[in-house]
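Single-structure report; data block below.
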Amino acid sequence: MNIKRTKKIIENPPSELEPVKQLFPEDAQQQLMGQLFKFIELEHLYESAIREVKTKLEILDSEFRTKFSYNPIHHIEDRLKSPQSIFEKLQRKNMPFNVEAARANLNDIAGVRVICNYIEDIYTVADLLTAQDDVSLIKRKDYIKEPKPNGYRSLHLVIETPVYLSDKKELVHVEVQIRTIAMDFWASLEHELKYKTDTEVSAELAAQLKDCAETIAATDVKMQQIYQTLKEID
């Protein structure tokens, strides 16, 4: 590790770390910045894990296009939690702010979202991904078969994937959310309404949002049926 670079980062932290730094008294900031440098290394590790998972998914999608002239994946998105978000989540869990606590207790530092065309594609992609011998399934939550009370639907997986560094192999957890285009449409707008506006969502509006989720879910099923019918005709 480059000691001069470490010192430079601690004395002049990247702008994205500044909000976290300001949450601490001045006399504790130097120690904190030393810990935050470890989070820069952690960020690289989790970014690498995201690339590993996305590559696996892209290869599967490409194979389907070659063999069946069909792509089960519409598109893939990813996101990495910022140091500030990690700090806030550890704080809510009454955990210390350090790399060890983050790796041991947070499964969603790295996230990959897979948007599929149809419901059956979700389970196909999930099964193929978790069947790979270097992928371990840590946790599975099926919010399609059992939607959340607000109507949210998606398949959530926490997987463990290897990341090969210059001197070692690290096993890293990545949260993978798999949903249809319709599910993603609803979830994105619901999130925007709930978290990005200053107006509190009333019980009446929440009920309307859930009704929209039910309508979209029924449309998903109908589109799946139409697709199956067309496949049989073809």
Side-chain angles (χ1 to χ4, degrees), residues 44-81 107-147 151-165 169-192 212-213 215-234:
H44 170 262
L45 179 64
Y46 278 87
E47 282 179 341
S48 301
I50 286 172
R51 286 197 293 271
E52 291 279 355
V53 173
K54 288 180 69 176
T55 298
K56 290 175 179 294
L57 292 164
E58 287 163 358
I59 290 171
L60 288 172
D61 194 50
S62 177
E63 182 189 8
F64 264 74
R65 183 175 64 248
T66 301
K67 285 186 174 180
F68 310 113
S69 300
Y70 174 72
N71 292 91
I73 297 174
H74 185 270
H75 68 277
I76 302 171
E77 302 170 357
D78 64 80
R79 65 109 187 92
L80 187 69
K81 273 191 181 299
N107 286 323
D108 62 345
I109 295 175
V112 174
R113 181 172 297 150
V114 185
I115 314 303
C116 296
N117 295 311
Y118 302 104
I119 296 171
E120 71 172 16
D121 294 333
I122 293 173
Y123 295 104
T124 298
V125 170
D127 290 345
L128 291 172
L129 178 62
T130 55
Q132 296 189 10
D133 58 13
D134 62 346
V135 172
S136 298
L137 178 62
I138 305 300
K139 188 176 180 181
R140 178 183 174 114
K141 279 278 191 178
D142 193 338
Y143 295 114
I144 300 170
K145 294 179 179 176
E146 296 183 19
Y152 174 87
R153 288 166 169 81
S154 186
L155 179 65
H156 288 201
L157 309 174
V158 176
I159 63 171
E160 187 177 73
T161 188
V163 173
Y164 294 91
L165 303 174
K169 177 179 77 172
E170 292 276 6
L171 297 176
V172 184
H173 288 189
V174 178
E175 182 185 59
V176 182
Q177 298 178 358
I178 315 177
R179 57 178 69 154
T180 63
I181 300 168
M183 292 173 193
D184 188 58
F185 159 75
W186 183 90
S188 298
L189 290 183
E190 194 269 349
H191 179 81
E192 187 77 18
C212 287
T215 300
I216 289 170
T219 303
D220 247 341
V221 172
K222 190 66 178 177
M223 293 298 291
Q224 178 80 67
Q225 292 170 346
I226 292 170
Y227 172 67
Q228 291 289 359
T229 299
L230 290 173
K231 273 208 315 184
E232 291 169 6
I233 293 172
D234 189 42

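Since we're looking at a predicted model, the values are computed, not measured. Numbering of residues begins at 1 and proceeds along the displayed sequence.
- Rounded to the nearest 0.5 angstrom, L128 CG and L60 CG are separated by 5.5 Å.
- A cation-pi arrangement is present between K145 and Y123, with the terminal nitrogen or guanidinium carbon under 6.0 Å from the aromatic centre and inside a 45° cone about the axis.
- Listed by chain and residue number, nothing satisfies the side-chain hydrogen bond (donor to acceptor under 3.5 Å, both in side chains) test with R79 (two or more places apart in sequence, or in another chain).
- Scanning for salt bridge (Lys or Arg N to Asp or Glu O under 4.0 Å) contacts around E160 gives an empty result, with sequence neighbours left out.
- Taking OH from Y46 and NE2 from H173, the interatomic distance works out to 7.5 Å, rounded to the nearest 0.5 Å.
- Remark: D133 pairs with no residue by the salt bridge (Lys or Arg N to Asp or Glu O under 4.0 Å) rule, at least two apart or across chains.
- In this structure, I122 CD1 and D220 CG are separated by 7.0 Å, a value rounded to the nearest 0.5 Å.
- Going from atom CG of L129 over to atom CD1 of I59 covers 11.5 Å, rounded to the nearest 0.5 Å.
- Summarising the geometry of T130 relative to D127, their closest heavy-atom pair is OG1-O, 3.4 Å, with the distance given to 0.1 Å.
- Remark: E77 pairs with H75 by the side-chain hydrogen bond (donor to acceptor under 3.5 Å, both in side chains) rule, at least two apart or across chains.
- For D142, the salt bridge (Lys or Arg N to Asp or Glu O under 4.0 Å) criterion is met by no residue, not counting sequence neighbours.
- Remark: side-chain polar atoms of T180 are not paired, donor with acceptor, to backbone N or O of C116 under 3.5 angstrom.
- Among all heavy-atom pairs drawn from I216 and A182, the shortest one is CG2-CB, 3.4 Å.
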Mind running side chain to side chain contact (heavy atoms under 4.5 Å, CB included) on D78 and E47 for me, showing each step along the way?
CA-CA 9 Å; D78 64 80; E47 282 179 341; over 6 Å; no

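- Every residue two or more places apart in sequence or in another chain was checked for a side-chain hydrogen bond (donor to acceptor under 3.5 Å, both in side chains) with Q225, and none qualifies.
- If you take CG on L45 and CD1 on I50, they are separated by 10.5 Å, rounding to the nearest 0.5 Å.
- Ring pair Y70/Y118 is parallel by interplanar angle, where below 30° counts as parallel and above 60° as perpendicular.
- When all heavy atoms are compared, the tightest approach of L80 to A110 is CD1-CA, 4.2 Å.
- The backbone N or O of Q224 sits nowhere less than 3.5 Å from a side-chain atom of E120 that would complete a donor-acceptor pair.
- Across all their heavy atoms, S154 and I178 have their closest contact at OG-O, 3.3 Å.
- Judged as a side-chain contact (heavy atoms from CB on, under 4.5 Å), and not counting sequence neighbours, the contacts of I181 are H74, I115, N117.
- Applying the side-chain hydrogen bond (donor to acceptor under 3.5 Å, both in side chains) test to T124 and every residue at least two apart in sequence or in another chain returns nothing.
- In this structure, the separation between CG on L57 and CD1 on I73 is 5.0 Å, given to the nearest 0.5 Å.
- Judged as a side-chain contact (heavy atoms from CB on, under 4.5 Å), and not counting sequence neighbours, the contacts of E190 are N150, W186, K194, L209.
- Residues A213 and G151 approach most closely at CB-O, 3.5 Å, considering heavy atoms.
- At a threshold of 4.5 Å between non-hydrogen side-chain atoms, the residues F64 and V125 do not count as touching.
- With sequence neighbours excluded, the residues forming a side-chain contact (heavy atoms from CB on, under 4.5 Å) with V135 are K56, Q132, I159, listed by chain and number.
- Contacts of D184 classified as salt bridge (Lys or Arg N to Asp or Glu O under 4.0 Å), with partners at least two apart in sequence or in another chain: R179.
- Pairs engaging residues 58-72 under the salt bridge (Lys or Arg N to Asp or Glu O under 4.0 Å) rule: E63-K67 [sequence neighbours left out].
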